[in-house]
Colleague: 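Supplied in structure tokens, the structure appears directly below.
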Amino acid sequence: MSDPMQTSEATPVFILVEPQMGENIGAACRVMGNFGISELRIVKPRDGWPNPKAVSMATGSPVLDNAQVFETLEEAVADCQLLFASTAQPRNMVKPAFTARAGMAEIRGHIEAGQRVGVLFGAEKSGLPNAAITLSNAIITLPVDRSFSSLNLSMAVGVFAHEWRAGDPAPAEFKPLDERAPEQEMTAFYNHLEEELERAGFFYPPEKTPLMMQNLINAFARGGLTQQEVRTLRGVIKALAIGRGKARIERD
């Protein structure tokens, strides 16, 4: 049996208590890796360990390689200062109860204070035993429909893992849109559009031209067009007006 992993990662420890299916363990490893939660502990998995079905579902997650297996819950949580139990059912125990988002925020505060925090997840069939919840300092539950509250183990892990990272900004790879086109380019675009619409006989009756252009300008201004988008639209107007390639027409 392994000792608890010593890690410098400032994340909670996820602990699966007597999980049944290797597929769910592997899927939990995968989603934990997605959201940067590195440490998984498994208490007495029903189908033994290692489990080839877990390997298949983990799809290369490093969490699986570092997962530790324990015979008892007490051994798995021995180095944790705080425990949070996930459950969908009231257990008639007087403990603080959090939603996943509030609970993970609470956990983050304890971890930043230097404490090791474990989050317990129960088996697929019956959830956490009362003994595990008794050991816990608080409960985390989800606002599920009470008429159908049973959530797949790996999905529950995924919800909690997401909430751990919920306040993070979007990845840097998703850069914001380019800066809006300057008004000089927008004015030239509007003039170009009005000129071609006038040539095509769009404005009728003529006295409504100012109002119709106002409506068009409002629509484009609201969109916050970039320089590249303005250039593309001007190309569209030109192509519609005189065509391109063999379809191009000559005009004065």
Colleague: Test your reading of the model: is there a side-chain donor-acceptor pair from S86 to the backbone of I140, 3.5 Å cut-off?
Modeller: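 Not confirmed, S86 side chain does not pair with I140 backbone.
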
Colleague: Specify the closest pair of heavy atoms between A100 and L142, including all atoms of both residues, with the distance to one decimal.
Modeller: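 Minimum heavy-atom separation between A100 and L142: CB-CD2, 3.4 Å.
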
Colleague: Rounded to the nearest 0.5 Å, how far does CD of E194 lie from CG of L216?
Modeller: 9.5 Å

Colleague: What I want to find out is whether E39 reaches R116 closely enough, with some N-O distance under 4.0 Å, to be called a salt bridge.
Modeller: yes

Colleague: On a heavy-atom basis, which atom in A76 and which in R41 lie closest, and how many Å separate them?
Modeller: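 Closest approach of A76 to R41, heavy atoms only: O-NH1, 2.6 Å.
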
Colleague: Passes side-chain contact (heavy atoms from CB on, under 4.5 Å), E185 versus R231? Steps please.
Modeller: CA-CA 9 Å; E185 291 191 24; R231 295 186 188 116; 4.3 Å; yes

Colleague: Does a sphere of radius 6.0 Å around CD in Q184 hold more than 12 heavy atoms from other residues, nucleotides or ligands, not counting ones at 6.0 Å or beyond?
Modeller: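 No, CD of Q184 has 12 or fewer neighbouring heavy atoms, counting only those of other groups under 6.0 Å.
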
Colleague: Taking the side chain as every heavy atom from C-beta outward, state whether N66 and S38 have any pair of such atoms under 4.5 Å apart.
Modeller: no

Colleague: Please determine whether side-chain contact (heavy atoms from CB on, under 4.5 Å) holds for the pair L233 and H192, giving the CA-CA distance in whole Å, both sets of side-chain angles, and the decisive distance to 0.1 Å.
Modeller: CA-CA 10 Å; L233 285 172; H192 185 187; over 6 Å; no

Colleague: How many angstroms lie between atom CD of Q81 and atom CD of Q115, to the nearest 0.5 angstrom?
Modeller: 5.5 Å

Colleague: When the ring planes of F35 and H162 are compared, do they come out parallel, tilted or perpendicular, using 30° and 60° as the limits?
Modeller: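 Correct class here is perpendicular.
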
Colleague: Any chance you could measure K95, atom NZ, to F84, atom CZ, to the nearest 0.5 Å?
Modeller: 11.0 Å

Colleague: Is it true that L197 and V236 fall in one hydrophobic cluster, defined by side-chain heavy atoms closer than 4.5 Å?
Modeller: no

Colleague: I'd like to know whether CG of N92 has more than 12 heavy-atom contacts from other residues, nucleotides or ligands below 6.0 angstrom.
Modeller: no

Colleague: Please determine whether residues I111 and L40 belong to a single hydrophobic cluster, defined as Ile, Leu, Val, Met, Phe, Trp and Tyr linked transitively by side-chain heavy-atom distances below 4.5 Å.
Modeller: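 Same hydrophobic cluster.
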
Colleague: On a heavy-atom basis, which atom in R30 and which in S61 lie closest, and how many Å separate them?
Modeller: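 Closest approach of R30 to S61, heavy atoms only: CA-CB, 3.8 Å.
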
Colleague: I need the I42 CD1 to I25 CD1 distance, nearest 0.5 Å.
Modeller: 4.5 Å

Colleague: Find out whether L64 and V55 are in side-chain contact, i.e. whether some heavy atom of one side chain is under 4.5 Å from a heavy atom of the other.
Modeller: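 Yes; the side chains approach each other to less than 4.5 Å.
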
Colleague: If you define the side chain from C-beta out and look only at heavy atoms, does anything of L193 sit under 4.5 Å from F220?
Modeller: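 Side-chain contact under 4.5 Å: yes.
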
Colleague: Please confirm whether the backbone N or O of A132 pairs with a side-chain atom of S136, one donor and one acceptor, at under 3.5 Å?
Modeller: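 The answer is yes, because a donor-acceptor pair under 3.5 Å joins these two groups.
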
Colleague: Find out whether L16 and V157 are in side-chain contact, i.e. whether some heavy atom of one side chain is under 4.5 Å from a heavy atom of the other.
Modeller: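 Side chain of L16 against side chain of V157, heavy atoms only: contact under 4.5 Å found.
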
Colleague: Which atom pair, heavy atoms only, marks the closest approach of G224 to R180?
Modeller: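 Taking every non-hydrogen atom into account, CA-CZ, 3.5 Å.
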
Colleague: Is E18 reaching over with its side chain to a backbone N or O of A123, donor-acceptor style, under 3.5 angstrom?
Modeller: no

Colleague: Has T226 got a side-chain atom pairing as donor or acceptor with E179's backbone, closer than 3.5 angstrom?
Modeller: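 Flag not set: sc T226 to bb E179 has no pair under 3.5 Å.
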
Colleague: Of the options I107, V13, L83, which is the one that meets V117 in a side-chain contact (heavy atoms from CB on, under 4.5 Å)?
Modeller: I107

Colleague: Can you give me the closest heavy-atom contact between T209 and F203, atom names plus distance?
Modeller: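 Nearest heavy atoms, T209 then F203: OG1-CB, 3.2 Å.
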
Colleague: Under 4.5 Å between side-chain heavy atoms, hopping through other hydrophobics if needed: is there a path connecting V77 to M93?
Modeller: yes

Colleague: How close do A10 and W164 get, heavy atom to heavy atom, and via which atoms?
Modeller: O-CZ2, 3.2 Å

Colleague: Checking K53 side chain against N24 main chain: does a donor-acceptor pair fall under 3.5 Å?
Modeller: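 Such a contact is absent between K53 side chain and N24 backbone.
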
Colleague: Give a yes or no on whether M155 atom CE has more than 12 heavy-atom contacts from other residues, nucleotides or ligands under 6.0 Å away.
Modeller: no

Colleague: Do the side chains of V119 and V144 join up, straight or via other hydrophobic residues, at under 4.5 Å, putting them in one cluster?
Modeller: yes

Colleague: Determine whether M213 and K208 satisfy the following criterion, side-chain contact (heavy atoms from CB on, under 4.5 Å), listing intermediate values before the conclusion.
Modeller: CA-CA 9 Å; M213 275 307 302; K208 289 191 175 181; over 6 Å; no

Colleague: Return yes if some donor-acceptor pair links the side-chain N/O of Q20 with the main-chain N/O of K125 below 3.5 Å, else return no.
Modeller: yes

Colleague: May I ask you to decide if M21's main-chain N or O and E124's side chain share a donor-acceptor pair within less than 3.5 Å?
Modeller: yes

Colleague: Measuring from atom CG of L120 to atom CD1 of I133, what distance do you get when rounded to the nearest 0.5 angstrom?
Modeller: 8.5 Å

Colleague: Does atom CZ of R234 have more than 12 heavy-atom neighbours from other groups under 6.0 Å away?
Modeller: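 Enclosed.
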
Colleague: Rounded to the nearest 0.5 Å, what separates atom CE in M32 from atom CZ in F160?
Modeller: 12.5 Å

Colleague: Does the pair S154 and V31 meet the rule for a side-chain contact (heavy atoms from CB on, under 4.5 Å), with working shown?
Modeller: CA-CA 8 Å; S154 63; V31 75; 5.9 Å; no

